[in-house]
Amino acid sequence: MKPLRDEVVIEEITKDLNTKSGIVLQDDYHVSRDHTCEGLVLEVADSVKTVKKGDKVLLKNGNYKQSIKGKEVIFIRETHILAILQWVC
């Protein structure tokens with residue numbers, strides 16, 4: 001699959017809501033519609049220059065989700081990606 005224009009295909013990275021000790025954390029999705037989420041870039045359009053396949057990104061939730069071959073992906077414009085996550089250990 002190759003997105004068109006300035007579209008990026010992202011797989012949302014889900015967060016585990018249970019701690020190691022068994023405490024269930026609050027799910028922010030039900031608290032606020034405008035929360036952010038993390039995702040992994042699966043494909044980018046040819047015109048996209050700021051992110052590449054394999055980048056971990058931060059994006060605002062509420063984007064167009066589509067199920068393709070049983071996998072739910074997000075279609076988002078390049079300009080709606082908030083940041084590329086680069087953690088230094």
Side-chain angles (χ1 to χ4, degrees):
M1 164 179 40
K2 189 70 172 175
L4 303 175
R5 297 176 300 280
D6 63 343
E7 296 288 326
V8 179
V9 181
I10 297 175
E11 179 181 13
E12 185 175 0
I13 299 172
T14 57
K15 297 177 184 175
D16 188 12
L17 297 177
N18 295 323
T19 65
K20 289 180 184 178
S21 62
I23 297 172
V24 179
L25 303 174
Q26 183 175 350
D27 182 1
D28 290 338
Y29 181 77
H30 298 292
V31 175
S32 171
R33 287 182 52 194
D34 295 329
H35 79 288
T36 58
C37 65
E38 296 176 9
L40 181 66
V41 177
L42 300 178
E43 291 291 338
V44 296
D46 291 333
S47 65
V48 173
K49 303 297 181 206
T50 57
V51 296
K52 62 185 179 306
K53 188 175 178 176
D55 280 347
K56 189 174 179 182
V57 295
L58 181 69
L59 54 134
K60 195 170 191 174
N61 206 0
N63 302 296
Y64 180 68
K65 293 184 180 181
Q66 178 68 39
S67 182
I68 298 177
K69 293 186 179 181
K71 187 180 210 177
E72 190 168 280
V73 295
I74 299 170
F75 287 84
I76 187 171
R77 297 186 94 157
E78 177 184 22
T79 55
H80 294 160
I81 294 174
L82 302 174
I84 298 172
L85 301 175
Q86 299 173 337
W87 304 112
V88 178
C89 297

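Keep in mind that this is a model prediction, so the values were computed, not measured.
Closest approach of E7 to F75, counting heavy atoms only: OE1-C, 3.9 Å.
Here the straight-line distance linking atom CD of E72 with atom CD of E12 works out to 7.5 Å at 0.5 Å rounding. Atoms CD1 and CG, on I76 and L82 in that order, are 7.5 Å from each other to the nearest 0.5 Å. A distance of 3.5 Å separates CE of M1 from CD1 of I68, quoted to the nearest 0.5 Å.
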Anything under 3.5 Å between a donor and an acceptor, one on a side chain of residues 39-49, the other on a protein residue two or more places apart or in another chain? List them.
from : atom 1 : to  : atom 2 : distance (Å)
E43  : OE2    : K53 : NZ     : 3.3
D46  : OD1    : K2  : NZ     : 3.4
S47  : OG     : R5  : O      : 2.4
K49  : NZ     : D46 : O      : 3.2

Worked check of side-chain contact (heavy atoms from CB on, under 4.5 Å) between L59 and C37
CA-CA 6 Å; L59 54 134; C37 65; 3.9 Å; yes
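Checked against side-chain hydrogen bond (donor to acceptor under 3.5 Å, both in side chains), E78 has the following partners two or more places apart in sequence or in another chain: T50. Scanning for side-chain contact (heavy atoms from CB on, under 4.5 Å) contacts around K52 gives D55, with sequence neighbours left out.
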